[in-house]
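Written out below as C-alpha coordinates is the structure these notes cover.
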Amino acid sequence: MQDTKNAMLNLMAQFGNKMKDDDKENLQQDDREYSIDELARVTGITSRNIRAYQEKGVLPPPQLRGRKGIYSNAHYSRLRLISDLLERGYTLSTISDLLNALEEGMDLRAFVGVESALTSPWTDETPVLMSIKELFEMFDNKIEEESIGKALELDLVRLEDDLEHVQVQSMRTMKAGAELVATGIPFNDLLDIIRMLRGNVERVAGELVKLVSTHVLSDYEGDSLPPSEDLPKIADLIWRLRPLAEMAVHAELARAMEKAANHFLGDRLEAIIQHMEEDKSS
DNA sequence: CTTCTAACA
DNA sequence: TGTTAGGA
(Lines give C-alpha, C1' and ligand atoms only; values in the text may rest on other atoms or scores of the structure.)
Protein backbone atom coordinates (compact mmCIF):
# COMPACT_ATOMS: atom_id res chain seq x y z
CA MET A 1 0.00 0.00 0.00
CA GLN A 2 2.68 2.44 1.04
CA ASP A 3 4.91 1.60 -1.89
CA THR A 4 2.25 2.25 -4.42
CA LYS A 5 1.25 5.41 -2.70
CA ASN A 6 4.81 6.68 -2.75
CA ALA A 7 5.19 5.72 -6.38
CA MET A 8 2.12 7.72 -7.18
CA LEU A 9 3.40 10.72 -5.30
CA ASN A 10 6.71 10.51 -7.14
CA LEU A 11 5.03 10.41 -10.48
CA MET A 12 2.86 13.24 -9.39
CA ALA A 13 5.94 15.24 -8.48
CA GLN A 14 7.47 14.50 -11.86
CA PHE A 15 4.47 15.85 -13.60
CA GLY A 16 4.56 18.83 -11.35
CA ASN A 17 8.16 19.56 -12.32
CA LYS A 18 7.36 19.19 -15.94
CA MET A 19 4.66 21.76 -15.53
CA LYS A 20 7.10 24.08 -13.85
CA ASP A 21 9.42 23.91 -16.83
CA ASP A 22 6.61 24.73 -19.16
CA ASP A 23 5.70 27.66 -17.01
CA LYS A 24 9.25 28.95 -16.97
CA GLU A 25 9.10 29.19 -20.71
CA ASN A 26 5.85 30.98 -20.40
CA LEU A 27 7.15 33.33 -17.76
CA GLN A 28 9.80 34.65 -20.08
CA GLN A 29 7.05 35.70 -22.40
CA ASP A 30 4.50 36.30 -19.72
CA ASP A 31 2.38 39.11 -21.06
CA ARG A 32 3.75 38.84 -24.52
CA GLU A 33 1.54 39.76 -27.42
CA TYR A 34 1.51 37.90 -30.67
CA SER A 35 0.31 38.79 -34.10
CA ILE A 36 -1.34 35.91 -35.84
CA ASP A 37 1.78 35.32 -37.89
CA GLU A 38 4.04 35.26 -34.86
CA LEU A 39 1.69 32.91 -33.10
CA ALA A 40 1.66 30.70 -36.16
CA ARG A 41 5.44 30.67 -36.23
CA VAL A 42 6.02 29.79 -32.57
CA THR A 43 3.33 27.12 -32.49
CA GLY A 44 4.00 25.68 -35.89
CA ILE A 45 0.35 25.99 -36.71
CA THR A 46 -0.68 27.77 -39.85
CA SER A 47 -2.59 30.99 -39.47
CA ARG A 48 -5.30 29.43 -41.51
CA ASN A 49 -5.83 26.75 -38.90
CA ILE A 50 -5.65 29.17 -36.03
CA ARG A 51 -8.62 30.95 -37.54
CA ALA A 52 -10.28 27.64 -38.26
CA TYR A 53 -9.98 26.67 -34.59
CA GLN A 54 -11.63 29.91 -33.62
CA GLU A 55 -14.54 29.15 -35.88
CA LYS A 56 -14.80 25.69 -34.37
CA GLY A 57 -14.91 27.27 -30.94
CA VAL A 58 -11.85 25.52 -29.49
CA LEU A 59 -9.77 28.68 -29.46
CA PRO A 60 -10.92 31.98 -27.97
CA PRO A 61 -10.99 34.88 -30.40
CA PRO A 62 -8.13 37.37 -30.09
CA GLN A 63 -8.40 40.81 -28.59
CA LEU A 64 -9.12 43.19 -31.41
CA ARG A 65 -6.95 46.25 -31.85
CA GLY A 66 -8.37 48.06 -34.78
CA ARG A 67 -8.83 45.27 -37.22
CA LYS A 68 -5.82 43.42 -35.90
CA GLY A 69 -6.03 40.35 -33.76
CA ILE A 70 -3.85 40.40 -30.66
CA TYR A 71 -3.07 36.98 -29.20
CA SER A 72 -1.76 36.24 -25.71
CA ASN A 73 0.14 33.35 -24.16
CA ALA A 74 -3.20 31.96 -23.11
CA HIS A 75 -3.81 31.43 -26.80
CA TYR A 76 -0.34 30.07 -27.14
CA SER A 77 -0.77 27.39 -24.49
CA ARG A 78 -4.20 26.45 -25.68
CA LEU A 79 -2.90 26.01 -29.19
CA ARG A 80 -0.20 23.74 -27.88
CA LEU A 81 -2.78 21.67 -26.08
CA ILE A 82 -4.96 21.47 -29.17
CA SER A 83 -2.18 20.31 -31.45
CA ASP A 84 -1.07 17.88 -28.76
CA LEU A 85 -4.48 16.31 -28.55
CA LEU A 86 -4.79 16.38 -32.31
CA GLU A 87 -1.60 14.39 -32.66
CA ARG A 88 -2.94 11.82 -30.26
CA GLY A 89 -5.80 11.18 -32.57
CA TYR A 90 -8.47 13.32 -31.04
CA THR A 91 -10.82 14.96 -33.45
CA LEU A 92 -11.56 18.64 -33.21
CA SER A 93 -15.08 17.92 -32.03
CA THR A 94 -13.77 15.71 -29.23
CA ILE A 95 -11.43 18.46 -28.14
CA SER A 96 -14.29 20.88 -28.29
CA ASP A 97 -16.37 18.66 -26.02
CA LEU A 98 -13.52 18.27 -23.57
CA LEU A 99 -12.83 21.99 -23.45
CA ASN A 100 -16.47 22.88 -23.02
CA ALA A 101 -16.86 20.35 -20.24
CA LEU A 102 -13.90 21.94 -18.53
CA GLU A 103 -15.26 25.45 -18.69
CA GLU A 104 -18.37 24.32 -16.91
CA GLY A 105 -16.32 23.11 -13.99
CA MET A 106 -14.09 20.21 -13.29
CA ASP A 107 -16.55 17.43 -12.99
CA LEU A 108 -15.16 13.94 -13.14
CA ARG A 109 -18.25 12.76 -14.92
CA ALA A 110 -17.51 15.12 -17.76
CA PHE A 111 -14.15 13.49 -18.27
CA VAL A 112 -15.51 10.02 -18.20
CA GLY A 113 -18.23 10.94 -20.61
CA VAL A 114 -16.01 12.63 -23.14
CA GLU A 115 -13.43 9.98 -22.75
CA SER A 116 -15.62 7.02 -23.48
CA ALA A 117 -17.56 8.89 -26.11
CA LEU A 118 -14.96 8.99 -28.84
CA THR A 119 -11.55 7.86 -27.74
CA SER A 120 -12.26 4.37 -26.62
CA PRO A 121 -8.77 2.90 -26.79
CA TRP A 122 -9.35 2.78 -23.02
CA THR A 123 -12.11 0.35 -22.80
CA ASP A 124 -11.93 -2.15 -25.57
CA GLU A 125 -15.27 -3.16 -24.22
CA THR A 126 -18.13 -2.39 -26.51
CA PRO A 127 -21.57 -2.77 -25.00
CA VAL A 128 -23.20 -5.98 -26.12
CA LEU A 129 -26.86 -6.29 -26.87
CA MET A 130 -28.64 -9.40 -25.67
CA SER A 131 -32.14 -10.45 -24.81
CA ILE A 132 -33.17 -10.68 -21.21
CA LYS A 133 -33.85 -14.34 -21.74
CA GLU A 134 -30.26 -14.87 -22.89
CA LEU A 135 -29.00 -13.00 -19.88
CA PHE A 136 -30.95 -15.23 -17.52
CA GLU A 137 -29.70 -18.32 -19.29
CA MET A 138 -26.17 -17.05 -18.99
CA PHE A 139 -26.64 -17.11 -15.23
CA ASP A 140 -28.46 -20.40 -15.29
CA ASN A 141 -31.64 -18.58 -14.21
CA LYS A 142 -30.13 -17.92 -10.84
CA ILE A 143 -30.86 -14.21 -10.91
CA GLU A 144 -33.02 -13.01 -8.07
CA GLU A 145 -35.87 -10.67 -8.96
CA GLU A 146 -34.60 -7.88 -6.75
CA SER A 147 -31.18 -8.05 -8.39
CA ILE A 148 -32.45 -6.78 -11.70
CA GLY A 149 -33.22 -3.32 -10.43
CA LYS A 150 -29.89 -3.25 -8.67
CA ALA A 151 -28.00 -4.18 -11.82
CA LEU A 152 -29.78 -1.40 -13.66
CA GLU A 153 -28.90 1.08 -10.94
CA LEU A 154 -25.26 0.07 -11.13
CA ASP A 155 -25.42 0.59 -14.89
CA LEU A 156 -24.15 -2.93 -15.41
CA VAL A 157 -26.94 -3.36 -17.91
CA ARG A 158 -29.22 -0.90 -19.64
CA LEU A 159 -32.75 -1.70 -20.59
CA GLU A 160 -33.64 -1.25 -24.24
CA ASP A 161 -36.82 0.47 -25.28
CA ASP A 162 -38.46 -2.79 -26.30
CA LEU A 163 -38.14 -4.00 -22.69
CA GLU A 164 -36.99 -7.30 -24.14
CA HIS A 165 -33.29 -6.63 -24.50
CA VAL A 166 -30.48 -5.16 -22.44
CA GLN A 167 -27.15 -3.58 -23.22
CA VAL A 168 -24.44 -5.34 -21.30
CA GLN A 169 -21.87 -2.65 -20.58
CA SER A 170 -19.03 -5.04 -19.92
CA MET A 171 -19.32 -8.54 -21.23
CA ARG A 172 -16.13 -9.49 -19.43
CA THR A 173 -17.51 -8.53 -16.07
CA MET A 174 -20.74 -10.28 -16.85
CA LYS A 175 -19.02 -13.51 -17.80
CA ALA A 176 -16.85 -13.40 -14.70
CA GLY A 177 -19.99 -12.90 -12.67
CA ALA A 178 -21.67 -15.83 -14.36
CA GLU A 179 -18.79 -18.09 -13.45
CA LEU A 180 -18.96 -17.05 -9.82
CA VAL A 181 -22.69 -17.58 -9.73
CA ALA A 182 -22.11 -21.03 -11.19
CA THR A 183 -19.98 -21.87 -8.16
CA GLY A 184 -22.85 -21.04 -5.88
CA ILE A 185 -22.27 -17.38 -5.01
CA PRO A 186 -25.55 -15.49 -5.07
CA PHE A 187 -25.80 -12.94 -7.86
CA ASN A 188 -27.22 -10.47 -5.41
CA ASP A 189 -24.11 -10.66 -3.24
CA LEU A 190 -21.92 -9.99 -6.24
CA LEU A 191 -23.89 -6.85 -6.96
CA ASP A 192 -23.33 -5.66 -3.42
CA ILE A 193 -19.61 -6.15 -3.84
CA ILE A 194 -19.57 -4.22 -7.08
CA ARG A 195 -21.48 -1.42 -5.44
CA MET A 196 -18.96 -1.20 -2.62
CA LEU A 197 -16.06 -1.42 -5.02
CA ARG A 198 -17.41 1.36 -7.17
CA GLY A 199 -17.85 3.65 -4.22
CA ASN A 200 -14.24 3.22 -3.16
CA VAL A 201 -12.82 3.54 -6.64
CA GLU A 202 -14.69 6.76 -7.16
CA ARG A 203 -13.35 8.05 -3.88
CA VAL A 204 -9.80 7.25 -4.96
CA ALA A 205 -10.33 8.88 -8.32
CA GLY A 206 -11.60 11.97 -6.60
CA GLU A 207 -8.51 12.09 -4.41
CA LEU A 208 -6.23 11.74 -7.40
CA VAL A 209 -7.91 14.58 -9.18
CA LYS A 210 -7.61 16.69 -6.07
CA LEU A 211 -3.94 15.80 -5.75
CA VAL A 212 -3.17 16.79 -9.30
CA SER A 213 -5.06 20.02 -8.97
CA THR A 214 -3.26 21.08 -5.82
CA HIS A 215 0.13 20.20 -7.29
CA VAL A 216 -0.51 22.20 -10.40
CA LEU A 217 -2.03 25.04 -8.51
CA SER A 218 0.81 25.20 -6.01
CA ASP A 219 3.04 26.25 -8.88
CA TYR A 220 0.86 29.28 -9.03
CA GLU A 221 1.65 30.54 -5.52
CA GLY A 222 -1.82 31.50 -4.34
CA ASP A 223 -3.69 28.40 -3.21
CA SER A 224 -6.90 30.03 -4.31
CA LEU A 225 -8.95 28.85 -7.24
CA PRO A 226 -7.94 27.30 -10.56
CA PRO A 227 -6.87 29.83 -13.19
CA SER A 228 -9.36 29.07 -15.90
CA GLU A 229 -6.76 29.34 -18.63
CA ASP A 230 -4.89 26.46 -17.06
CA LEU A 231 -7.81 24.10 -16.85
CA PRO A 232 -6.76 22.46 -20.10
CA LYS A 233 -3.37 21.73 -18.59
CA ILE A 234 -4.94 20.17 -15.54
CA ALA A 235 -7.24 18.15 -17.72
CA ASP A 236 -4.33 16.93 -19.75
CA LEU A 237 -2.52 15.85 -16.60
CA ILE A 238 -5.48 13.93 -15.35
CA TRP A 239 -5.83 12.38 -18.75
CA ARG A 240 -2.26 11.16 -18.64
CA LEU A 241 -2.73 9.98 -15.10
CA ARG A 242 -5.47 7.53 -15.84
CA PRO A 243 -3.32 4.61 -16.91
CA LEU A 244 -1.23 5.13 -13.79
CA ALA A 245 -4.30 5.06 -11.62
CA GLU A 246 -5.41 1.88 -13.31
CA MET A 247 -2.08 0.21 -12.64
CA ALA A 248 -2.13 1.29 -9.02
CA VAL A 249 -5.62 0.01 -8.45
CA HIS A 250 -4.69 -3.20 -10.17
CA ALA A 251 -1.66 -3.73 -7.97
CA GLU A 252 -3.51 -2.84 -4.80
CA LEU A 253 -6.33 -5.17 -5.60
CA ALA A 254 -3.92 -8.02 -6.28
CA ARG A 255 -2.26 -7.49 -2.93
CA ALA A 256 -5.50 -7.25 -1.06
CA MET A 257 -6.78 -10.41 -2.69
CA GLU A 258 -3.65 -12.30 -1.79
CA LYS A 259 -3.79 -11.09 1.77
CA ALA A 260 -7.44 -11.98 2.12
CA ALA A 261 -6.85 -15.38 0.61
CA ASN A 262 -3.99 -16.06 3.00
CA HIS A 263 -6.07 -15.04 5.98
CA PHE A 264 -8.87 -17.27 4.85
CA LEU A 265 -6.64 -20.25 4.23
CA GLY A 266 -4.82 -19.59 7.49
CA ASP A 267 -8.06 -19.71 9.44
CA ARG A 268 -9.00 -22.91 7.73
CA LEU A 269 -5.70 -24.49 8.57
CA GLU A 270 -6.07 -23.48 12.19
CA ALA A 271 -9.47 -25.05 12.34
CA ILE A 272 -8.25 -28.22 10.71
CA ILE A 273 -5.33 -28.53 13.09
CA GLN A 274 -7.64 -28.04 16.05
CA HIS A 275 -9.90 -30.77 14.78
CA MET A 276 -6.94 -33.09 14.45
CA GLU A 277 -5.86 -32.43 17.99
CA GLU A 278 -9.37 -32.97 19.28
CA ASP A 279 -9.53 -36.23 17.44
CA LYS A 280 -6.23 -37.29 18.89
CA SER A 281 -7.26 -36.62 22.48
CA SER A 282 -10.62 -38.30 22.18
C1' DC B 1 3.18 45.24 -45.76
C1' DT B 2 -0.10 42.73 -42.58
C1' DT B 3 -4.57 41.00 -41.55
C1' DC B 4 -9.25 39.53 -42.44
C1' DT B 5 -13.24 37.17 -44.75
C1' DA B 6 -15.11 34.25 -48.00
C1' DA B 7 -14.98 30.82 -51.30
C1' DC B 8 -13.33 27.09 -53.68
C1' DA B 9 -10.42 22.97 -54.26
C1' DT C 1 -6.42 22.26 -44.73
C1' DG C 2 -4.26 25.03 -48.44
C1' DT C 3 -4.82 28.73 -51.45
C1' DT C 4 -6.44 32.64 -53.51
C1' DA C 5 -8.94 36.99 -54.20
C1' DG C 6 -10.26 41.39 -52.75
C1' DG C 7 -10.57 44.91 -49.36
C1' DA C 8 -9.34 47.56 -45.02
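None of the values given here were measured: they were computed from a predicted structure. We name chains A, B, ... by the order of the sequence lines, and we start the count at 1 in each one.
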Would you list the protein and nucleotides 1-3 of chain B atom pairs, both N or O, that sit under 3.5 Å from each other?
from	atom 1	to	atom 2	distance (Å)
dT2(B)	O2	R67(A)	NH2	3.0
dT3(B)	OP1	S35(A)	OG	3.2
dT3(B)	O2	R67(A)	NH1	2.5
dT3(B)	O2	R67(A)	NH2	2.8

Is the shortest heavy-atom distance from the side chain of E33(A) to the side chain of R65(A) under 4.5 Å? yes
How long is the straight-line distance from CD1 of I143(A) back to NZ of K150(A), given to the nearest 0.5 Å? 13.0 Å
Between CG on residue L191(A) and CG on residue L154(A), distance to nearest 0.5 Å: 6.0 Å
same_hphob_cluster(L79(A), I70(A)) at 4.5 Å side-chain heavy-atom cutoff: no
For the residue pair V157(A) and I148(A), establish whether any side-chain heavy-atom pair is separated by less than 4.5 Å. no
Kindly indicate whether the side chain of Y71(A), heavy atoms from C-beta on, has any atom under 4.5 Å from the side chain of T43(A). no
Taking the side chain as C-beta and beyond, is there a heavy-atom pair between M171(A) and M138(A) under 4.5 Å? yes
Whole angstrom is fine here: how far is it from CD in Q54(A) over to P in dC4(B)? 8 Å
To the nearest angstrom, how far is L92(A) atom CG from dT1(C) atom P? 6 Å
Between dT1(C) (C1') and R48(A) (CZ): distance, integer Å: 6 Å
When rounded to the nearest 0.5 angstrom, what distance separates CE in M257(A) from CG in N262(A)? 11.5 Å
Rounded to the Å, how far apart are L59(A) CG and dT1(C) P? 13 Å
Could you spell out the base pairing of DNA chain B as a dot-bracket line? Use Watson-Crick and G-U wobble contacts where both distances are under 3.5 Å, [ ] for crossing pairs, | for partners on a different strand. .|.||||||
